[in-house]
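See below for the structure under consideration.
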Amino acid sequence: MFALIVGTALVGCTSEDSEIEEIEKVDYYIKYIVKSVDSTIRIRSVSVATDNGIQTLEFKNNYSWEQTYGPVAKGFKASIQVQGVTKTLEIHCCRGKEPFALKAIKNGQTSSPSLEYTIDF
């Protein structure tokens with residue numbers, strides 16, 4: 001009887017110790033937002049880091065632009081460069097299905113601004 005109780009206890013301890021935790025993969029998404037100074041000044045182009053590399057978009061009549069890219073991994077370096085005069089330049093990030101959070105911003109009238117953020121959460 002004693003051997004049965006000790007054997008059951010050892011088997012229970014062994015199975016708990018041998019379990020290996022799996023690390024869950026987390027996807028991140030990047031949202032870029034650009035707003036020009038006013039309706040008379042247009043954005044000419046935007047270059048952004050995406051999950052497929054650097055992408056450049058040319059515009060003719062855009063006063064603002066917003067786009068989301070991903071999924072990307074932790075450590076991804078989000079970057080944006082604008083040709084034109086902007087009032088606001090923003091980089092937002094979200095993890096999985098969480099809401100987007102503002103991670104980098106440049107406010108005020110700026111000619112051809114750029115902005116970067118590396119995912120670290």
Side-chain angles (χ1 to χ4, degrees):
M1 185 65 122
F2 177 72
L4 182 62
I5 293 171
V6 171
T8 305
L10 291 176
V11 169
C13 291
T14 304
S15 66
E16 285 179 22
D17 293 340
S18 65
E19 288 183 25
I20 298 173
E21 284 187 35
E22 288 188 31
I23 298 173
E24 185 179 326
K25 181 183 175 202
V26 178
D27 289 328
Y28 294 84
Y29 295 87
I30 297 292
K31 182 192 302 184
Y32 298 103
I33 299 175
V34 180
K35 297 177 185 171
S36 72
V37 175
D38 60 42
S39 61
T40 62
I41 300 175
R42 295 179 178 93
I43 300 164
R44 294 188 304 271
S45 71
V46 173
S47 294
V48 292
T50 75
D51 48 315
N52 293 317
I54 300 296
Q55 183 177 26
T56 300
L57 305 161
E58 303 282 332
F59 304 116
K60 291 188 181 189
N61 290 315
N62 282 46
Y63 305 109
S64 64
W65 176 81
E66 178 178 320
Q67 185 66 45
T68 301
Y69 295 94
V72 296
K74 183 176 181 176
F76 176 80
K77 184 177 180 179
S79 65
I80 182 168
Q81 184 171 8
V82 178
Q83 293 300 314
V85 180
T86 64
K87 176 178 77 173
T88 305
L89 188 60
E90 300 174 0
I91 298 176
H92 298 251
C93 184
C94 79
R95 179 173 53 195
K97 294 183 179 183
E98 295 176 4
F100 277 95
L102 178 63
K103 295 298 184 177
I105 187 168
K106 188 171 278 190
N107 275 326
Q109 185 171 334
T110 308
S111 181
S112 300
S114 63
L115 192 60
E116 294 181 345
Y117 167 73
T118 302
I119 298 173
D120 63 355
F121 69 101

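The shortest heavy-atom contact between Pro113 and Gly84 is CD-O, 3.8 Å. When every heavy atom of Ile43 is checked against every heavy atom of Phe59, the shortest pair comes out as O-CB, 3.3 Å.
For residues 50-60, the set of pairs meeting the salt bridge (charged side-chain N to carboxylate O under 4.0 Å, His left out) definition, not counting sequence neighbours, is empty. Among pairs with a residue in residues 101-121, those fulfilling ring-ring contact (aromatic ring centres under 6.0 Å, His included) read Tyr28-Phe121, at least two apart in sequence or across chains.
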Ignoring hydrogens and angles, write down the donor-acceptor pairs under 3.5 Å from the side chains of residues 32-40, residues two or more places apart or on other chains.
{"from": "Tyr32", "atom 1": "OH", "to": "Ala49", "atom 2": "O", "distance (Å)": "2.6"}
{"from": "Tyr32", "atom 1": "OH", "to": "Ser79", "atom 2": "N", "distance (Å)": "3.3"}
{"from": "Tyr32", "atom 1": "OH", "to": "Ser79", "atom 2": "O", "distance (Å)": "3.4"}
{"from": "Ser36", "atom 1": "OG", "to": "Asp38", "atom 2": "O", "distance (Å)": "3.0"}
{"from": "Ser36", "atom 1": "OG", "to": "Ile41", "atom 2": "O", "distance (Å)": "3.0"}
{"from": "Ser36", "atom 1": "OG", "to": "Tyr63", "atom 2": "O", "distance (Å)": "2.9"}
{"from": "Asp38", "atom 1": "OD1", "to": "Thr40", "atom 2": "N", "distance (Å)": "2.8"}
{"from": "Asp38", "atom 1": "OD1", "to": "Thr40", "atom 2": "OG1", "distance (Å)": "2.5"}
{"from": "Asp38", "atom 1": "OD1", "to": "Ile41", "atom 2": "N", "distance (Å)": "3.3"}

Table please: side-chain donor-acceptor pairs of residues 93-104 below 3.5 Å, with sequence neighbours left out.
{"from": "Arg95", "atom 1": "NE", "to": "Glu98", "atom 2": "OE2", "distance (Å)": "3.4"}
{"from": "Arg95", "atom 1": "NH2", "to": "Glu98", "atom 2": "OE2", "distance (Å)": "3.4"}

What donor-acceptor contacts under 3.5 angstrom involve side-chain atoms of residues 66-78, with partners at least two apart or in another chain?
{"from": "Tyr69", "atom 1": "OH", "to": "Gln55", "atom 2": "OE1", "distance (Å)": "3.0"}
{"from": "Lys77", "atom 1": "NZ", "to": "Glu116", "atom 2": "OE1", "distance (Å)": "3.4"}

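Linking ILVMFWY side-chain heavy atoms closer than 4.5 Å, directly or via other members, places Leu57 and Ile30 in a single hydrophobic cluster.
Side-chain contact check for Arg42 and Asn62: no donor-acceptor pair (N or O, by modelled atom type) lies under 3.5 Å.
Taking Asp27 as the reference, Lys25 meet the salt bridge (Lys or Arg N to Asp or Glu O under 4.0 Å) condition, with sequence neighbours excluded. The side-chain hydrogen bond (donor to acceptor under 3.5 Å, both in side chains) check on Thr50 picks up nothing, with sequence neighbours excluded. Residues passing the side-chain hydrogen bond (donor to acceptor under 3.5 Å, both in side chains) test with Asn52: none are found, sequence neighbours excluded. Taking the side-chain hydrogen bond (donor to acceptor under 3.5 Å, both in side chains) definition, one finds that Gln81 meets it with nothing, sequence neighbours left out.
Residues Thr110 and Val85 are not in side-chain contact: their nearest non-hydrogen atoms beyond the backbone lie 4.5 Å or more apart.
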Could you please spell out the steps behind the side-chain contact (heavy atoms from CB on, under 4.5 Å) verdict for Ile119 and Tyr29?
CA-CA 10 Å; Ile119 298 173; Tyr29 295 87; over 6 Å; no

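Each of Ile80, Thr56, Leu89 was scored for a side chain to side chain contact (heavy atoms under 4.5 Å, CB included) with Val46, with one residue passing: Ile80.
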